[in-house]
Asks: 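Got a structure here, written out as structure tokens. Questions coming.
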Amino acid sequence: MPAAPAIRLHRAVKRYGSITAVAGLNLEVPAGTCVGLLGPNGAGKSTTMRLLTAQAIADEGELEVLGRRLPEDSKAARAQMGVVPQQDNLDEALTVEQNLLVFTHLYRVARAERREAIERALALAKLGERRRSKVDELSGGMRRRLLIARALVHRPRLLLLDEPTVGLDPQVRQELWALIDRLRGEGVTMLMSTHYIEEAARLADSVTIMAEGRAVAAGPPAWLVAEHAGREAVEVYGPAHRLAEVEVDARRRGWPARRTGTSVSILGTERLDGDLPEGERRTANLEDVFVLLTGEEIE
Ligand code: ATP
């Protein structure tokens, strides 16, 4: 029998006054996998994360984390979960090691195991040589690695990562991807929210695409691409009037098409009959699926 999922949300709803931030979300995170929650700004990703940590209480639906029902049993669930917040909330006055030590206390790591827990976290984040540095002396990338390591001191069964690389430069992002990928290799169960398509495509075993508080598609990245965007695309560049023409023509023929700032792509061209416009042939990708399903434009 397959293991019970680490997270299971069934028709979860969260309203803020007249705004429905989460609007009947279904989500499953199987144990031992990394699931990416991908969606544009305002799709409800952060609210979903807050529901899982019981910082917000759902108005409707069933929520289960590590076999515990939320919100009733949220304390027990939280004790076995690690949370990497979007906002860096490290204690700048403390050293790297002291920040980790505080969390071993918060998460009630037994006294005899604290030293080892801290060493393991330092090794994971490759911060052993900076253990005595104050946090305000660290680079942005080191701080983010420490935030992740801090969430792991108590060997949680589940790790929640809320936009782990938002606002970082590409090199630092790569460092973090390497770290998250190592965790994935170790079988750590993860739910990672992101609005970076490449991040989801590279790191997640399965991606749930979210729009307006709902899951609009879910599955392994390659499967999502094959299912929604096919294998190949033709990307047409040109002046705005040419792009508009191509788009209107595609719509008339019922061809799936997506717009970026400077091009129009016709998707799944291997299964289309008819004269395709002149353009660059390329492989379909997760960005195509994202734009097709969420209606977002990527510049
Ligand atoms: P982002 O990537 O911009 O953080 P998101 O996908 O995480 O977006 P949420 O932050 O969950 O989206 O927001 C979903 C919707 O709920 C938005 O319309 C937002 O304005 C609204 N919302 C979120 N939190 C609150 C709150 N505390 N009070 C009122 N509205 C809220």
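Since the structure is predicted, the reported quantities are computational estimates derived from the model, not experimental observations. Numbering of ligands and ligand atoms starts at 1, following listing order.
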Asks: Nearest 0.5 angstrom please: Arg202 CZ to Gln174 CD, how far?
Replies: 5.0 Å
Asks: Please, which pairs that meet ring pair (Phe, Tyr, Trp, His ring centres under 6.0 Å) have at least one residue in residues 135-167, sequence neighbours excluded?
Replies: Tyr107-His154
Asks: Taking only residues at least two apart or on different chains, which pairs with a member in residues 144-153 satisfy side-chain hydrogen bond (donor to acceptor under 3.5 Å, both in side chains)?
Replies: Asn89-Arg150, Arg145-Glu175
Asks: Run the side chain to side chain donor-acceptor pair (under 3.5 Å) test against Thr33 and tell me which residues pass, sequence neighbours left out.
Replies: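 Partners of Thr33 by the side chain to side chain donor-acceptor pair (under 3.5 Å) criterion come out as none, since no residue qualifies.
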Asks: Decide whether Gln55 and Thr53 meet the rule of one side-chain donor and one side-chain acceptor closer than 3.5 Å.
Replies: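 Their side chains do contain a donor-acceptor pair, which is all the 3.5 Å distance test asks for.
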Asks: Compute whether any side-chain donor of one residue and acceptor of the other, for Ser193 and Glu163, lie under 3.5 angstrom apart.
Replies: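 On atom types as modelled, these side chains do not qualify, holding no pair under 3.5 Å.
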Asks: At less than 4.0 angstrom from any atom of ligand 1, which residues have a non-hydrogen atom? List them by chain and residue number.
Replies: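 Only Tyr16, Ile19, Ala21, Pro40, Asn41, Gly42, Ala43, Gly44, Lys45, Ser46, Thr47, Arg50, Glu163 have heavy atoms that fall under 4.0 Å of ligand 1, ordered by chain and number.
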